Amino acid sequence: MDRAELEAYITKTYGAQAESPWTRSPQHKVFRHRNNQKWFALLMDVPKVKLGLQEEGVLDIVNFKCDPITIGSLRAGPGFFPAYHMNKENWITVALDGSVPDDKVKMLLDISFEATAGRVKKCRMSTNP
C-alpha cells in the first residue's frame, strides 16, 4: 500500500480528513478522531538514514498507536521501525514501500483507531429516590 492508497482508505473507512498541521512540512498529514481530536495515523516522508537504514533517499511512512507487546513482535519484521518522532513504547512506524502487506497495514490502522478512540463514559444511575 502506498501513501495515496492509504490516505484514500482512511478517508473512506473512517471519514477522517487529512490535516497538514506543519507549514514547513505540508506533506506530513495527520488523521484524527472527530470527537476527541486524538491522532490515529501520521503520514510522513523521512530520510531513510533517520530510520536507521544505510541508504540514501526518502521513505513514505505512517505511525500507528499500538500496544507494546504487538510492537515488540512487529519490529522483527521488514518494514517496521521504532516510532519516528513519537513515543516508541506505544507507537510504531510502518514503511509504505510495499514491504508490509496491505492487510497488516489495515489491521494496524484499525488497532490505532480503536486505541485512540477514547473511553465511553457510563451513565451512573442513582439508587436513591
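What you are looking at is a predicted structure, and each value in this text was computed from that prediction instead of being measured.
Ring orientation note: the planes of F40 and F113 are nearly perpendicular, at an angle over 60° on the 30°/60° scale. Ring geometry, H28 versus W22: the interplanar angle exceeds 60°, so the pair is classed perpendicular (tilted spans 30 to 60°).
Across every non-hydrogen atom of A117 and N35, the tightest pair is O-ND2, 4.0 Å. Nearest heavy-atom pair, A95 versus V100, reported as atom, atom and distance to 0.1 Å: O-CG2, 4.2 Å. Between S99 and G79, the shortest heavy-atom distance links the atoms OG-CA, 3.3 Å. Across every non-hydrogen atom of S20 and P26, the tightest pair is OG-O, 3.0 Å.
Applying the salt bridge (charged side-chain N to carboxylate O under 4.0 Å, His left out) rule to K88 yields no partners; only residues at least two apart in sequence or on another chain are considered. Residues satisfying the salt bridge (charged side-chain N to carboxylate O under 4.0 Å, His left out) criterion with E19, sequence neighbours excluded, are R32. With sequence neighbours left out, the salt bridge (charged side-chain N to carboxylate O under 4.0 Å, His left out) criterion links E55 to K48.
Linking Ile, Leu, Val, Met, Phe, Trp and Tyr residues whenever their side-chain heavy atoms come within less than 4.5 Å places L96 and I92 in a single cluster. V30 and Y84 end up in the same hydrophobic cluster when Ile, Leu, Val, Met, Phe, Trp and Tyr side chains are linked at under 4.5 Å. In terms of hydrophobic clustering, with Ile, Leu, Val, Met, Phe, Trp and Tyr side chains grouped at heavy-atom distances under 4.5 Å, V62 and F80 are assigned to a common cluster.
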Checklist entry - Checking side chain to side chain contact (heavy atoms under 4.5 Å, CB included) for the pair V58/V46: CA distance, chi angles, key distance, verdict? => result CA-CA 5 Å; V58 175; V46 297; 5.7 Å; no
Checklist entry - Step by step, would you call L53 with F81 a side chain to side chain contact (heavy atoms under 4.5 Å, CB included)? => result CA-CA 10 Å; L53 299 173; F81 303 94; 3.8 Å; yes
Next on the checklist: Under the criterion side chain to side chain contact (heavy atoms under 4.5 Å, CB included), I'd like the reasoning laid out for D45 against I61: C-alpha separation, chi angles, the key distance, then a yes or no.
Outcome noted: CA-CA 6 Å; D45 57 344; I61 61 166; over 6 Å; no
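To the nearest 0.5 Å, atom CG of residue D103 and atom CG of residue L108 are 10.0 Å apart. With values rounded to the nearest 0.5 angstrom, I71 atom CD1 is found 8.0 Å from E89 atom CD. Here D2 contributes atom CG and E5 contributes atom CD; the two are 4.0 Å apart, rounded to the nearest 0.5 Å. Separating the CE atom in M44 from the NZ atom in K50 is a distance of 11.5 Å, to the nearest 0.5 Å. Residue L109 holds its CG atom at 8.5 Å from CE of M1, rounded to the nearest 0.5 Å. Atom-to-atom distance recorded for L42:CG and K29:NZ is 12.0 Å, nearest 0.5 angstrom.
Counting only distance, with no hydrogens or angles, the side chain of S73 and the backbone of T70 share a donor-acceptor pair below 3.5 Å. N63 contributes no side-chain N or O that, together with a main-chain N or O of L43, makes up a donor-acceptor pair within less than 3.5 Å. A donor-acceptor pair under 3.5 Å links the side-chain atoms of T11 to the main chain of A16, judged by distance alone.
Among H33, K65, K38, the one residue that satisfies the side-chain hydrogen bond (donor to acceptor under 3.5 Å, both in side chains) test with T116 is H33. With F64 as reference, V94 is the one residue of V94, D110, I111, T93 to meet the side-chain contact (heavy atoms from CB on, under 4.5 Å) rule.
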